[in-house]
Amino acid sequence: MKKLINDPSDVVSDALRGIAAAHPELRVDHENRIVFRGDAPVQGKVGLVSGGGSGHEPMHGGFVGAGMLDAACAGEVFTSPVPDQMVAASKGVDGGAGVLHIVKNYTGDVMNFEMAAEMVAAESGTEVISVVTDDDVAVQDSLYTAGRRGVGVTVLVEKIAGAAAEQGRPLTQVADLARKVNAQGRSMGMALTSCTVPAAGKPTFDLPDDQMEIGVGIHGEPGRRRVPLAPAREIAEMLVEPVLGDLDFTGGDGVLVFLNGLGGTPLLELYLMFADVAAALEKSGVRIARSLVGSYMTSLDMAGCSVTLLKVDDELLGLWDAPVRTPGLRWGT
Amino acid sequence: MKKLINDPSDVVSDALRGIAAAHPELRVDHENRIVFRGDAPVQGKVGLVSGGGSGHEPMHGGFVGAGMLDAACAGEVFTSPVPDQMVAASKGVDGGAGVLHIVKNYTGDVMNFEMAAEMVAAESGTEVISVVTDDDVAVQDSLYTAGRRGVGVTVLVEKIAGAAAEQGRPLTQVADLARKVNAQGRSMGMALTSCTVPAAGKPTFDLPDDQMEIGVGIHGEPGRRRVPLAPAREIAEMLVEPVLGDLDFTGGDGVLVFLNGLGGTPLLELYLMFADVAAALEKSGVRIARSLVGSYMTSLDMAGCSVTLLKVDDELLGLWDAPVRTPGLRWGT
Amino acid sequence: MAEGLDVTALGAWVREFARLIADHQDELTRLDAAIGDADHGTNMHRGMSAVVAALDGTPPADPAALLKQVGMTLISKVGGASGPLYGTLFLRMAGAAGTGEMDAATYARALRAGLDGVVARGKAEPGDKTMVDALGPACDALDAGVAADESLAEALRRSAAAARQGRDTTVPMLARKGRASYLGERSIGHQDPGATSTALLLDAAVTALAGGDEG
Amino acid sequence: MAEGLDVTALGAWVREFARLIADHQDELTRLDAAIGDADHGTNMHRGMSAVVAALDGTPPADPAALLKQVGMTLISKVGGASGPLYGTLFLRMAGAAGTGEMDAATYARALRAGLDGVVARGKAEPGDKTMVDALGPACDALDAGVAADESLAEALRRSAAAARQGRDTTVPMLARKGRASYLGERSIGHQDPGATSTALLLDAAVTALAGGDEG
Ligand SMILES: Nc1ncnc2c1ncn2[C@@H]1O[C@H](COP(=O)(O)OP(=O)(O)O)[C@@H](O)[C@H]1O
Ligand SMILES: Nc1ncnc2c1ncn2[C@@H]1O[C@H](COP(=O)(O)OP(=O)(O)O)[C@@H](O)[C@H]1O
Ligand SMILES: [Mg+2]
Ligand SMILES: [Mg+2]
Ligand SMILES: [Mg+2]
Ligand SMILES: [Mg+2]
C-alpha cells in the first residue's frame, strides 16, 4: 500500500492535525473529530452540520466556513461518524436559529445522524432538521432497499443551503432549499481503479488493466457493471445518459454541471472529461449555466470521476454564486 | 494505461476544450494553445506570460486570471511549448507596460522562451523580461550543468508577481519581485509511483511496492535516490531537511509553506503530510506565516508530493494575500 | 458451567466475541470488500477493543449494566452501519436482562429483544442479506431449545449452529439493505459480512457460556 | 549517386530520417524514460511528420530553402529541448548551404555550422551526454573524409559510424546537460536519447545520399 500516512489507524486524526495547521481560520475539536468555523456558533444563523466517513476530502471538513458548513464531523475512513460527534457539533453551531443536518443516504450515516438527532432533542431545546441526499442514479431506487446513495449533489446542497443560511433565512426554508437541490440533482460515477482503505492495506477490488467500473459510489464499492476501457468521449456518454434518463434536464434555466474527480485522477483528465461531458449535454439540448470541475468528493486514491447535474433557476443560481470562504470552495467577497 | 482520455495525441487540445467550456471567463486560443484572461490585454498593466509542458494542471492555464497570469502557453505533455506560442501570447497580453515571461528552468523551456523573446524583440517594440525559476534542491547546482529545476516556487512567483502587476507596478519592479521570490524559495519532492505519459502508454519508471523516489521533479524523471517506503513523518523530514539545509528559513517574518500534490495523491494524504511537515518545521524553529495545501503543480497521475518554503516579509505577504481570481487559486474580492 | 448467566459469564462472552473478531478481522474486511466498503472487520475490531477496555476500566455490577455498557461503547466507537446496529442489539438486550442471573429463557427473550431493536433501527427483513439473517434463526433456535427444555449449553449450541447456517444462506441472496444493495445482481454469491460477525457472536456464547467448544 | 547534393537528395535524406525516427520512436522514448521524461521519440516523430508534410505541401526550391524549412518546422512543432536544438541545427546548415548543389566539403561545413549552432543554443560540451556527443564526432569524421578526398558516400559512411560510436560513448557518461543531469550519478549506464536520434540522422544520410546501406 503506497500512501503518505503513518499508522493506518491514525489516518483521520493525523489529517485533522494537518487541517488545523493549514487553516487557522477553522477550529478543530480533535477529541470529537469536528471541524468548526472559527466563529461558530454564529448568533441568529441556522447552523449547518454535515459529516460522514473520512476519505472524501475536501468533503466535508474542507467545506466548513462562511457561506457553507458550520461544522463537519469526521468518521473513520469510509465509516459514518458516531452520534456523540454530531451531538457535539450541533451544540457547537447552535446560534439560536436551529440546526440542519446534511446526511448522505448510507445506512450507517442515516442511523448515526438519526440517533444524534434523537439525543439532541432529548438533551436540549435545539431544533434539528435532517436532509438526506440520494442522487446516485447508478442505484435502483425502491421502497424495499436502502435506496440511492448520496454523492455529488451533497456538495451542491452544502453550498446552496450554506448560502441561504448565511443570508439569515429560517431553518425550514434552508431545509426546503436543501431538499430542492437534492430533488433536482442526479449523479453517476465511474472508476478506472479501486481505492485502498488504509486499514485494509490492499485494493478493495481488482480491476484488470483493460476494464473499468461503471456506477461506482465513493466508498470503493464495486460499481453496477464492469465494462472494457473506453475513450473519454464514450465514458462521458455512459455517465450522462442515465442521468438524463432519470430526470428531464432540458429547458428552463439550464443546469449546473459538477464534474468530480475521485482522488487519483489529475485535473488534466478532468478537464478533458469535462469537454466530452459538455459535448454530450449539448447534443441532448441541455444548457450549461454553471460548472465546477475538480476533486471535491473523493474516494481515497480511486482513479475515476462522477458527473452531477443540477437543474437550476434564478434562486439556486443566486445562492450558488453567493460568496463562500472555505478551504475547498472559495469565491465572492 | 488507465486514463480518462481519447486519442493520446489529442490530450492537450481536448483538455483545452474542457478548460474553455468550464471557464467562460477565460479566452482560449485553441490554434496556438494559449489560455488568456478574458479581458487581455489590460491596458497599462504589465502582462504576465508563463507556460510549459502540459501534465501539470492547474499550472499554468488554471492560474490565468485577475491577480495572476495574463496568458499561459500549453505545450505537449512534458514538452515545452514552441516559440510561436509565446510570441502570440506576448502580443496578446501587451497592454503597453511590457511583458514578463515566467520560465521554469528546463533546457527546453529556457531555449524556447529565449527564442520567443528574440522574436518578439525583432518583430515589435514590446519589452520582454524573462525570469527563470530554479528552486529544486534535489538537483545539485553548478555552473557546468543545466542547474536546478523550477518547481513549486513557480506557483508562488506567478501569484506574487501577478499581484504586483495587478497593482500597476512597472515591469522592472514586477520582474525584481519574481526574482526575489525565486531567490527566497526552495523545494524538494518525492514520488510513491511513476506517472504515465499518455503517448508513451506505460509508466516512465518502475518502482517496487516497497520503494519510493526522493528528489523527483514534475516530469516523471526518476529522483535522486530510491529508498524504502517510510511513514509520512519520516518523509516530511526527508523533504524539509535538505530545504532547510540550503537556505536559512528561521527568524524573520516566517515562511509560506506550500505542500503540493503530484496528481495521484488525494487531499486526505496531503493534509496528513502537512501535519508532519508543520511539525518538522516547528522542531527546526521555522515559523509558518501562510500555507497552501493541494495539487497545484502536478506530474500527470504521479502519487507523491513536494514541499516548497518561501521566506516572506511584509511586502511578499501583502502580495500573497492580495485578491486573485483564477480557476486554480481564488481569494479576496 | 452454571445454568444461570451472571455478569462474569456475560463478560466472558463479550471478551470471547472480541477475541473472535480480532481473529477474523481480515476475513470480515475481505467479505466487506467484495460487496461493501472493506471496513467491517476494522469497525468491529475497533468497537470490541473499546468494549474490552471499558470492561477492564469499570467492571459493571450486573448483566443489565454490562450489556448497556457494551451497547453504549459500540454506539460511540464504531460508527457506520454496524455501530448503531450492534449497539442497539446490546442496549435492547440490557433492557430485557434485569440485574439478576439470566436463565436460558431470559437470555432467549433478551436476544430476541436485541433482534427486534436491530430490525427497528435498520428496517431489514429476513432475506435482505444482512446480520438479521443470522440473528433471526439464532433467536428461533434459542426459543426452540427453551421450549424443548434443553440445557442452556444445548440451546446455545443449537442457536450458534442456526446462526452459522443463516450466515451461509446469505451467499445466494440478492442484497436489499446496506451497501451491498448498491451492487444489485452482483451481490449474489457473496457472504454477508454482518451475518458473519453475528455468527461469531453466537459462537462466542457457546465457548464462553456453554463451557464447550463451538461444535 | 552524384557527388553533388541537390534539393532532391536532401529531401530524400530528411524523409529517410523521418522514417527512421518513426521506426525508432518507441526506443527513443524508452531511452528518455530511463533518464528523462519519456517524450523524445514522441517529440521527434511529431516534428519529423510535420517536416514531411511541409515538404509535401511546399517543395522548397533549393538546398538552403529546404534546410531552412525543416529547421523552422521543427522549431514551431517540437518544443522541448530537441525542438530548438534540431531546429537550430538545420537553420544553421541552411545558412551555410547556399542555393546550388552541395559537394562533400560544403556539406561538411554546413553540418559543422549546425553543430556550432547546437552548442551556442544549448551550451553543451563534449562529454556532457547529449546529442553533441554524436554530432561532434560525425563532423570530425566528415572533415577527415573531405581532407582525405574520400567520395561523399565514403565520407558519409565514416561520419555515420562516428556518430554511432559517439552515441555509444554516452552510456558511461555522467549527464551534465538536459534533464538527465538531474539524475546525477544515476544517469550513468544509460544511452542518451538525443545522441541516439542524431546517430539516426547520420544513418539516414548514408541511405539517402550515399545510395548505400548504413554499414
Ligand atoms: N439495514 C440494515 N439492517 C441490518 N443489518 C444491516 C443493515 N445495513 C447493513 N447491515 C449490516 O451491516 C453490515 C456492514 O457493516 P459495516 O461494514 O461495519 O458498516 P458500513 O456498511 O457502514 O460500512 C452488513 O454486512 C450488514 O450485515
Ligand atoms: N543543453 C543541451 N545541449 C545539447 N543537447 C541537449 C541539451 N539538453 C538536452 N539535449 C538533448 O536533448 C535530448 C532530450 O530531448 P527531448 O526529450 O526531446 O526534450 P526534453 O528534454 O525537453 O524532454 C537529450 O537526450 C539530449 O541529447
Ligand atoms: Mg463503512
Ligand atoms: Mg520533455
Ligand atoms: Mg462496511
Ligand atoms: Mg524528453
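Residue numbers begin at 1 in each chain, while the letters A, B, ... track the order of the sequences.
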Practice item. Mark yes or no for whether A:K2, through its side chain, and B:G304, through its backbone, hold a donor-acceptor pair below 3.5 Å. Key: no
Output for pair (B:L272 CG, A:S13 OG), nearest 0.5 Å, gives 8.5 Å
message = Keeping A:N6 on the side-chain end and B:R233 on the backbone end, is there a donor-acceptor pair under 3.5 Å?
response = yes
Applying a strict 4.5 Å limit to non-hydrogen atoms, the region of A:M190 in contact with chain B is side chain
Between A:Y271 and B:H23 (judged by ring centroids, cut-off 6.0 Å), do the two rings come close enough to count as a pair? yes
- Message: Would you say CG of B:D321 has more than 12 non-hydrogen atoms from neighbouring residues, nucleotides or ligands within 6.0 angstrom?
- Response: yes
Honestly, the part of B:P198 sitting under 4.5 Å from a heavy atom of chain A is neither
Whatever's closer than 4.5 Å to a heavy atom in chain B on A:V11 counts as both
Of B:D276, B:D210, B:L16, B:D7, the largest count of non-hydrogen pairs under 4.5 angstrom with chain A goes to B:D276
Under 4.5 Å to a heavy atom of chain A? For B:L262 that would be neither
Turns out that what part of A:P24 lies under 4.5 Å from chain B's heavy atoms comes down to neither
Under 4.5 Å to a heavy atom of chain A? For B:E282 that would be neither
Whatever's closer than 4.5 Å to a heavy atom in chain A on B:A278 counts as side chain
If one checks every heavy atom of A:L207 against chain B at 4.5 Å, the contacting part turns out to be both
Residue from A:D10, A:D209, A:I288 scoring the most non-hydrogen pairs under 4.5 Å with chain B is A:D209
Cut-off 4.5 Å, heavy atoms of chain B, and the answer for A:A22 is both
Bottom line for B:T265: the part with an atom under 4.5 Å from chain A's heavy atoms is both
Honestly, the part of A:I5 sitting under 4.5 Å from a heavy atom of chain B is both
To the nearest 0.5 Å, atom CG of A:L329 lies from atom CZ of B:R330 at 8.5 Å
Cut-off 4.5 Å, heavy atoms of chain A, and the answer for B:L300 is both
Output for pair (B:L4 CG, A:L270 CG), nearest 0.5 Å, gives 7.0 Å
Cut-off 4.5 Å, heavy atoms of chain B, and the answer for A:L229 is side chain
